[in-house]
There are 2 protein chains.
Amino acid sequence: MAAALSRRDRLRAATVAEIKEIARRYLVADGPSAISLRAIARDMGMSAPSLYRYFPSLDTLITELTADAYDSVRSAMEVARDATPADDTLGRLVAVSRAFRQWAVAHPAEFSLAFGTPPPGRDMTYTKQQKPDDGAADPNLRAMQACGEAGTRFGAVFAQLFIELWTRRPFPTPAREEIPPRLRVQLGALAEELGGVLPMPAVFVYLSCWTQLYGMVALEVFGHQRWALTDAEPLFEAELAAMIRRLDPPAAGSDGR
Amino acid sequence: MAAALSRRDRLRAATVAEIKEIARRYLVADGPSAISLRAIARDMGMSAPSLYRYFPSLDTLITELTADAYDSVRSAMEVARDATPADDTLGRLVAVSRAFRQWAVAHPAEFSLAFGTPPPGRDMTYTKQQKPDDGAADPNLRAMQACGEAGTRFGAVFAQLFIELWTRRPFPTPAREEIPPRLRVQLGALAEELGGVLPMPAVFVYLSCWTQLYGMVALEVFGHQRWALTDAEPLFEAELAAMIRRLDPPAAGSDGR
DNA sequence: AGCTTGAGCTAACAGCATTAACTGAACCAA
DNA sequence: TTGGTTCAGTTAATGCTGTTAGCTCAAGCT
């Protein structure tokens, strides 16, 4: 059922892909604001209004590029993960983290789209309700929803690794009582959403690690670290090592790699 | 020598201030791309080209707004710092960190300007060389330079606290040998730049804390945490507490607050 | 064969940054 | 006080931008 596309649908898909590819070119060359329908149309030998047959607005195009960015990192991370033995969960976490950073450094514009400031009006990407009439008539809303789902799939790669790690060899967590009540309920809800495998304090560690990772990479890609460092990679590696140490403290030594 | 301004210069400064204020209004209302010279001029009852008497381009205006944002957080942080006893350095660090987050949450648009994706072409904000002909003829370059300096002044608030903390009661750091050589030289250079007070491994801890702080706040303000949390404050407080514990481990107990 | 769908077009509107050329008032020096 | 310079402001124009309306024509389906 993969090739159940009519001739027209295939042509249409090809055009959509070409539009996105050219748009991505402008994006990486001169930033998101350089993406212009007129310029894309010019490059394709078309008129600008024709593009509205494929995207209801420029914003929607950019939203779809953002979703593609999430898929792109995710697949890069999955490749790195699958190149590491399945029984070495910590090794996989390291590989995935490195892949995340490397993708980000190699694709700063896409990274900014997916992990930087969202354009105003598209903040609620991660809304989970909206079950009624789900698909929605508005194709722009549909794109935003798809973007949110792509982001969720991205996050699931990290989450899955933490779940695996926990089931194989639980990592140290703070005691339940050390976590303030208001945080407890939120983390508890999140633990449910993640499948109920991780206990609430483990979710805290998971979020903490992700925050540190994001902070490192975002600071580097956004250029907010150049006042301190000329090459951010060694610091990243050091922080990554610290993170692993936190998840596998040398006390009860094991293979660890 | 504060009032050494001619009448014309005073009027000019007032106009510049009014332009910036209106621009800021558009910024917070609808994001950076909503700042338009024509709209500002319309609001002021002027023609758009007139604004070029005050700013050489829209980009320069935005750059100056970015510099103002740095000054704004910094002053908020300084207020919070000075409201805490000078001998309680850890308390000051907590106060400053909270002020940083609170300012960010209250001013998401300005935060994005200063700490989010930089507009393409203005990446090299933090360049330090360029001593020759320093001021430079290009007023746009001058603005970018001023923006970088404002960013440096912002960072100095945190740096100063870490320096003070270290001189009062040194915090735990990794051993020199645990830090890989390539990172060592960079941190060493940075330690010099910070005045040579902090030893190299302490600089590592400083950067690590700042990264965690930035990660927390950026994730929250950019909305990349809403899939996990409805209210980011408790998690921030928990991470902040963990940071403080790292700087003042309960082993050699002291006042701590 | 005839109708419907869809892909493309042109023309047009409204908004944008920016430049050029010009006017008039404020300032400053003789 | 006069004369020249500086500077704030103007209008007109260029060339971008997203987007809508209305049209044409070929492909696809009945």
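Values below: every heavy atom of this structure, side chains too, minus hydrogens, waters and symmetry copies. What you are looking at is a predicted structure, and each value in this text was computed from that prediction instead of being measured. Chain A is the first sequence line, chain B the second, and so forth, proteins listed ahead of strands; every chain is numbered from 1.
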Mind listing the N/O atom pairs, protein and nucleotides 24-30 of chain C, below 3.5 Å?
residue	atom	partner	partner atom	Å
C:dC27	OP1	B:Arg7	NE	3.4

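The side-chain contact (heavy atoms from CB on, under 4.5 Å) search around A:Ala150 returns A:Ala67, A:Tyr70, A:Asp71, A:Arg153, not counting sequence neighbours. Scored by the side-chain contact (heavy atoms from CB on, under 4.5 Å) test, A:Val105 finds A:Arg101, A:Glu220 as partners (sequence neighbours excluded). Applying the side-chain contact (heavy atoms from CB on, under 4.5 Å) criterion to B:Asp231, with sequence neighbours excluded, gives A:Arg182, A:Gln186, B:Glu233, B:Pro234. Contacts of A:Ser72 classified as side chain to side chain donor-acceptor pair (under 3.5 Å), with partners at least two apart in sequence or in another chain: A:Trp103. B:Arg25 meets the side chain to side chain donor-acceptor pair (under 3.5 Å) test with no other residue; sequence neighbours excluded. A:Ala218 meets the side-chain contact (heavy atoms from CB on, under 4.5 Å) test with A:Phe111, A:Tyr214, A:Phe222, B:Tyr214; sequence neighbours excluded.
Heavy-atom distances under 4.0 Å link DNA chain C to A:Arg38 of residues 13-38 of chain A, given in residue order. Of the residues in residues 40-61 of chain B, those with a non-hydrogen atom less than 4.0 angstrom from any atom of DNA chain C are B:Arg42, B:Pro49, B:Tyr52, B:Ser57, B:Leu58.
For residues 27-39 of chain B, no residue pair satisfies the side chain to side chain donor-acceptor pair (under 3.5 Å) rule, not counting sequence neighbours. Sorted by first then second residue, the side chain to side chain donor-acceptor pair (under 3.5 Å) pairs that include residues 40-56 of chain B, not counting sequence neighbours, are B:Tyr26-B:Asp43, B:Ser47-B:Ser50.
Counting heavy atoms from C-beta outward, B:Thr15 and B:Met44 have side chains that approach closer than 4.5 Å. Taking the side chain as every heavy atom from C-beta outward, B:Leu37 and B:Ile19 never approach each other to under 4.5 Å.
Under the 6.0 Å cut-off for aromatic ring centres, A:Phe100 and A:Phe236 do not qualify, their centroids lying 6.0 Å or more apart. Under the 6.0 Å cut-off for aromatic ring centres, B:Phe154 and A:Trp227 do not qualify, their centroids lying 6.0 Å or more apart.
Scanning DNA chain D 5' to 3' for nucleotides with an atom closer than 4.0 angstrom to a non-hydrogen atom of chain B gives a first and last hit of D:dT6 to D:dA12.
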